[in-house]
Protein chains: 2
Amino acid sequence: MKNMAKNKVNIPIPGKPVRGSKSGAPIMALFDLLGRRWAMGVLWTLNEIEPATFRKLQDSCETISPAVLNQRLKELRAAGLVDRGEGGYIVTNMGQEIYTLLVPLGSTAKKWAKQQISKTDT
Amino acid sequence: MKNMAKNKVNIPIPGKPVRGSKSGAPIMALFDLLGRRWAMGVLWTLNEIEPATFRKLQDSCETISPAVLNQRLKELRAAGLVDRGEGGYIVTNMGQEIYTLLVPLGSTAKKWAKQQISKTDT
DNA sequence: TATCGCGCTATTAAAACGATAGCTTTTTTA
DNA sequence: TAAAAAAGCTATCGTTTTAATAGCGCGATA
């Protein structure tokens, strides 16, 4: 059977073609990584509860399937944003740096939510 | 044919179940929106070149297919982050606010890129 | 009127996701 | 220390999303 490379972890590599940039611009590579389903949500959630076991993280994400969670974790680890340590999964320094930059999105998201809701209800 | 409603624009609604939050936390709703392929890349690119025609934006994105670009544009418009004006697509105030928060990711992405590359070569 | 650029849409196939069951391995507990 | 429970995934399979590419309809030129 040719089962080679089935659980491969495919992450964007800066400097090589990525979604949005043939030359592999870092920001586009990062967007390629974080712009996958659940990627930012997992990073965000893990930051709030780390260290976390697989199941604890799964529970905190509320609706993520184990297959996708596992996939994202592999990618985030390969990208050096997440690691494993005592007590389970943790966020690396680089991961926290990125998380920190995402934090302000929280309040803007609230503002955006109000705008969206007021647009809906009429 | 079981595919009615195919041109439907399905965006996450804060306050209703979204990926990552059954109660629809704003940040998770926003992640749900921005965590779709090309979403952040399109927002980023449009900010750099706006106003832009569909084709100009498509060219700037380098490798996006028109179907996906169109889909993302519909979503971003429905979410109030992008609009159409003189000269084509533009970024709304809310869109720019979010873009502004993403900007710092640019330099962190460079740092991350170096780290990733040095991990690869050797 | 023929041509051109623009804004998409159509089509088809591949890849990603979602939902769920359940198999191993490790840790508790009785 | 055997049995039970929890953890960490993996397997499967149907649905959705994305990709790749061709090309249509329309308004502005030439």
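Chain A is the first sequence line, chain B the second, and so forth, proteins listed ahead of strands; every chain is numbered from 1.
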Does a nitrogen or oxygen in the side chain of B:Asn70 sit under 4.0 Å from OP1 or OP2 of C:dT9?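 The answer is yes; a side-chain N or O of B:Asn70 sits under 4.0 Å from OP1 or OP2.
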Would you tell me if any nitrogen or oxygen in the side chain of A:Thr53 comes within less than 4.0 Å of OP1 or OP2 on D:dG8?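 Answer yes for this pair, as a side-chain N or O of A:Thr53 is under 4.0 Å from OP1 or OP2.
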Listed in order of residue number, which residues of residues 82-91 of chain A have a non-hydrogen atom at under 4.0 Å from DNA chain D?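 Listed by number, they are A:Arg84, A:Tyr89.
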What's the spacing between B:Gln116 CD and A:Leu30 CG if we round to 0.5 Å?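 CG of A:Leu30 is found 10.0 Å from CD of B:Gln116.
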From CA spacing to verdict: side-chain contact (heavy atoms from CB on, under 4.5 Å), B:Thr53, B:Tyr89: CA-CA 6 Å; B:Thr53 62; B:Tyr89 290 100; over 6 Å; no
Distance-only check: which donor-acceptor pairs under 3.5 Å involve side-chain atoms of residues 59-70 of chain B, not counting sequence neighbours?
| unit_1 | atom_1 | unit_2 | atom_2 | d |
| --- | --- | --- | --- | --- |
| B:Ser60 | OG | B:Lys56 | O | 3.2 |
| B:Glu62 | OE1 | A:Lys22 | N | 2.7 |
| B:Ser65 | OG | B:Val68 | N | 3.4 |

Can you check the [X] [atom1] to [N] [atom2] distance for me, whole Å?
X	N	atom1	atom2	answer
A:Leu69	D:dT10	CG	C1'	13 Å
B:Ile11	D:dT17	CD1	C1'	17 Å
A:Lys56	D:dC9	NZ	C1'	18 Å
B:Leu73	C:dC8	CG	C1'	11 Å
A:Lys74	D:dG8	NZ	P	15 Å
B:Phe54	D:dG25	CZ	C1'	15 Å

Which residues share a side-chain contact (heavy atoms from CB on, under 4.5 Å) with B:Pro26, sequence neighbours left out: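 Once residues adjacent in sequence are excluded, the partners of B:Pro26 under the side-chain contact (heavy atoms from CB on, under 4.5 Å) criterion are A:Ala109, A:Lys110, A:Ala113.
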Identify all side-chain donor-acceptor contacts of residues 12-20 of chain B below 3.5 Å with residues at least two apart in sequence or on another chain.
| unit_1 | atom_1 | unit_2 | atom_2 | d |
| --- | --- | --- | --- | --- |
| B:Arg19 | NH1 | B:Asp32 | OD1 | 2.7 |

Heavy-atom distance under 4.5 Å between the side chains of B:Leu81 and B:Leu33, does that happen here?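 Result yes, sub-4.5 Å side-chain heavy-atom pair found.
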Please list, for nucleotides 15-23 of chain C, all pairs of protein and nucleotide N/O atoms separated by less than 3.5 Å.
| unit_1 | atom_1 | unit_2 | atom_2 | d |
| --- | --- | --- | --- | --- |
| C:dC17 | OP1 | A:Arg37 | N | 3.4 |
| C:dC17 | OP1 | A:Arg72 | NH1 | 3.4 |
| C:dC17 | OP2 | A:Arg72 | NH1 | 3.3 |
| C:dC17 | OP2 | A:Arg72 | NH2 | 2.9 |
| C:dG18 | OP1 | B:Arg19 | NE | 3.1 |
| C:dG18 | OP1 | B:Arg19 | NH2 | 3.3 |

Without placing hydrogens or testing angles, list every side-chain donor-acceptor pair under 3.5 Å for residues 96-108 of chain B, not counting sequence neighbours.
| unit_1 | atom_1 | unit_2 | atom_2 | d |
| --- | --- | --- | --- | --- |
| B:Gln96 | NE2 | B:Glu50 | OE2 | 3.2 |
| B:Glu97 | OE1 | A:Lys111 | NZ | 2.7 |
| B:Glu97 | OE2 | A:Lys111 | NZ | 3.0 |
| B:Thr100 | OG1 | B:Gln96 | O | 2.7 |
| B:Ser107 | OG | B:Pro104 | O | 3.2 |

For A:Leu76 against A:Val42, the heavy-atom pair lying closest together: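 Scanning both residues completely, I find the closest heavy atoms to be CD1-CG1, 4.0 Å.
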Run the numbers on B:Val82 and B:Thr92 for side-chain contact (heavy atoms from CB on, under 4.5 Å), then give the verdict. CA-CA 5 Å; B:Val82 163; B:Thr92 65; 5.5 Å; no
